[in-house]
Amino acid sequence: MSKNIIFWSGIVGVTLFVVAAILGGLQINDYSHISQYISESYTIDTPYGKALRFLAYFPCGLLLTFFAFSALKKFPKSNLIKVGFWGIGIFYGLATVIVSVFPCDSGCNKEFIDPSISQIIHNLTGLLTYIFVPASIIAIGLGLQKLKAQNNFARFSVFLGLFCFIFIGILLSNPNSNYTGLLQRIIEGSFIIWVVRCAFLIRGYQSKKIKNN
């Protein structure tokens with residue numbers, strides 16, 4: 001697989017996510033990126049929710065899934081690295097596809113009162129994402145450290161994963177606070193930064209260099 005194809009799948013994937021998150025907020029009067037979840041911008045009843053879900057988030061998820069499974073082939077063989085990239089492919093890539101197909105109820109039903117099946121699937125998928133994606137990033141970092149490969153990226157991955165867990169803990173401790181949107185965007189932004197850095201690493205180095213550098 002061409003490293004340029006892998007690179008662009010990651011870059012385009014996260015770009016779609018960012019653009020969709022910004023545009024989603026613009027369609028709703030008084031929408032707050034500080035206090036409201038990203039999912040609230042594409043709930044079942046938002047004006048352009050369906051377009052955002054199927055023209056942005058759905059292909060974003062497919063591209064990130066492709067990126068994760070393809071990027072694995074450019075890294076040295078390691079069970080930790082393999083588990084990490086599979087985790088990102090499933091719980092970030094495929095999970096983004098799932099939440100685009102199963103959106104929140106109106107207002108994202110934060111109180112979880114009589115939730116629809118779509119809301120239940122959406123919430124469960126999001127929870128799994130926030131548990132397993134940081135763990136997967138840490139696994140990749142630890143796998144690289146064990147092989148003494150790409151030490152800077154390895155340390156960065158471990159640090160970023162731990163950083164995400166701290167903010168996820170803060171978010172889950174009070175999911176109805178006035179800063180849920182900000183906390184979620186810090187977490188999602190961290191995932192995006194990791195994908196971008198990984199993509200540039202792949203584009204800049206052949207797999208042999210990734211292994212031996």
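Every heavy atom of this structure was used, including side-chain atoms; hydrogens, water molecules and symmetry mates were not. Position 1 is the first residue of the sequence; numbering continues from there.
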Subject >> Ring centroid separation Phe85 to Phe69 under 6.0 Å >> reply: no
Has [X] got a side-chain atom pairing as donor or acceptor with [Y]'s backbone, closer than 3.5 angstrom?
X      : Y      : result
Gln27  : Tyr48  : yes
Asn109 : Ile113 : yes
Ser70  : Phe67  : no

Between atom [atom1] of [X] and atom [atom2] of [Y], what is the distance when rounded to the nearest 0.5 Å?
X      : Y      : atom1 : atom2 : value
Ile193 : Cys198 : CD1   : SG    : 14.0 Å
Leu172 : Ile168 : CG    : CD1   : 7.0 Å
Ser136 : Tyr92  : OG    : OH    : 12.5 Å
Asn178 : Ser32  : CG    : OG    : 9.0 Å

List the atom of [X], the atom of [Y], and the distance in Å for their closest heavy-atom pair.
X      : Y      : value
Ser78  : Gly143 : OG-CA, 4.0 Å
Ala71  : Phe75  : O-CD1, 3.2 Å
Gln184 : Tyr130 : CG-OH, 3.1 Å
Ala139 : Leu80  : O-CB, 3.5 Å

More than 12 non-hydrogen atoms from neighbouring residues, nucleotides or ligands closer than 6.0 Å to [atom1] on [X], yes or no?
X      : atom1 : answer
Leu26  : CG    : yes
Phe66  : CZ    : yes
Phe54  : CZ    : yes
Tyr179 : OH    : no
Asn79  : CG    : no

Original post:
Does the cation-pi check pass for Arg197 over Phe153, that is, NZ or CZ under 6.0 Å from the six-membered ring centre and within 45° of its axis?
Top reply: no
**OP:** State whether Phe7 and Arg203 meet the cation-pi test: NZ (Lys) or CZ (Arg) under 6.0 Å from the six-membered ring centroid, and within 45° of the perpendicular axis.
**Re:** yes
Original post:
Aromatic rings Tyr57 and Phe17: how do their planes relate, parallel, tilted or perpendicular, breaks at 30° and 60°?
Top reply: perpendicular
**OP:** From the options Ile22, Leu16, Leu23, select the one residue that forms a side-chain contact (heavy atoms from CB on, under 4.5 Å) with Val19.
**Re:** Leu23
